[in-house]
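Counting starts at 1 for both ligands and their atoms, following the listed order.
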Amino acid sequence: MRILITNIKQLCQVEQGDANIKRVSGAEMAELPSIADAWLMIENELIHSFGPMGTLPAANADKTIDATGKLVLPAWCDSHTHLVFAAPRETEFVDRIKGLSYEEIARRGGGILNSARKLNAMCEDELFDQSLERLHAVIKTGTGAIEIKSGYGLCEEGELKMLRVIRRLKGQGPATIKASLLAAHAYPLEYRENKEGYIQLIINKILPRVAGEGLADYMDVFCEQGFFGVRETERLLEAGWKYGLKPKIHANQLHYSGGVQVGVKHNALSVDHLECVGDAEIEALKGSNTMPVLLPGAAFFLGIQYQPARKIIDAGLPVCLATDYNPGSCPSGNVPLLISIACTQLKMTPEEAINAVTINGAAAMELEQSIGTIAVGKKANIFITNKIPSFDYIPYDYGNNPVETVILNGKLI
Ligand code: NIG
Ligand code: FE
């Protein structure tokens, strides 16, 4: 099966020759290699070839799409979400408007514990159906690959139930999915006076079962004051590594928690959130392979300080953006909106923001060899926009969906 897309106004984020880009950092992030007036050929599930219209081959295609006035980009790679959850938390949203903080709500047994109560009361099938609906909704706004965490079970059966739902979503296609075990998201109420007991439950019971069933790709911990401290995080990450689960952790969201340093020390694939980042955190990240992942949608929704993206990029580091889609701090998995927030609030340029949620998003899920750019031999995970003037228009036209057609694994969705 061959799909040919012709007259593409701009084919964005292309990789030509044998560049084999793994991630883009610092000043490189300002470049978004593109071809004006282009064609793209898809063969089965892969990108077969592309080039400027002047080089269009005479080859036959089973289907031809005329993309006059439209752009083509690689599908978004959203490397941090909590898309599997049982219920929204709009009453806490109103509590915050009236002055309660996110941490205060958590101390009162709301927040993550509220989500855990609802999730544990819901059967796996219902959880799956709801989650699948959310997945389809984010695909419509251009997402092609997504990481999804557990962390609303906070007990053996609940965590396994969430991860089995994620496995079913993986099997469902068409998105590429990675799963992270986030049992260390909060201490369940029954362990509030026995925190050591919960750490041991994760290390000795939950982790072996999750690894035994092959349910997770990564190990996550919410390293934060009032949640899991540096010492607990270290023990959990070491335990995860014993089963081959690389860390991808929540770090430095509400405080200078030491999360970035502990993540780097334990070779984390990524450290995510990073509202609280100073010189020490930047120094720790330099010379490491750990990807800094910024979640400005959560800072926007909680009304807290934004991540210092400029400082991180100007230090020569890569920046990745992800939605953090979850019912508490960011009930939106909309990547175009995330890009608008990154541009307006973090002062990232559209080129930087698009790099951050394509190739760098792929790298934060170890998928940079197969997705994240338009390159020959990569998976045909792309989208065609509406008729728009340029890629700058994507963050400019905030709140609207630029995506007209999504193609994942070479199939029209
Ligand atoms: O990434 N910060 C910790 N975890 C999530 C929020 C979880 C929730 O409030 O349900 C986050 O923001
Ligand atoms: Fe998160």
Just wondering, is there an N, O or S atom on His250 that's nearer than 2.8 Å to the Fe ion (ligand 2)?
yes
Using a cut-off of strictly less than 2.8 Å, determine whether Cys330 has an N/O/S atom near the Fe ion (ligand 2).
no
With heavy atoms of Tyr152 as the reference, note each atom of ligand 1 found under 4.0 Å away.
7 (C), 8 (C), 10 (O)
Residue of the set His80, Glu147, Lys246, Lys248 for which side chain to side chain donor-acceptor pair (under 3.5 Å) holds with Ser270
Lys248
Could you tell me, atom by atom, which parts of ligand 1 come under 4.0 Å of a heavy atom of Asn326?
6 (C), 7 (C), 8 (C), 9 (O), 10 (O), 11 (C), 12 (O)
Atom 11 (C) of ligand 1: nearest protein contact (heavy atom, Å):
Asp324 OD2, 3.1 Å
Flag this pair as yes if the NZ/CZ of Arg134 is under 6.0 angstrom from the six-membered ring centre of Phe85 and inside a 45 degree cone about the axis; otherwise no.
yes
Side chain Asn326, main chain Gly328, donor-acceptor under 3.5 Å:
yes
Can a non-hydrogen atom of His273 be found less than 4.0 Å from any atom of ligand 1?
yes
Find out whether the Lys NZ or Arg CZ of Arg168 is both under 6.0 angstrom from the six-membered ring centre of Phe128 and within 45° of the ring's axis.
yes
Name whichever N, O or S atom of Asp324 ends up nearest to the Fe ion (ligand 2).
OD1
Quick check: does Arg89 get an N/O under 3.5 Å from an N/O on ligand 1?
yes
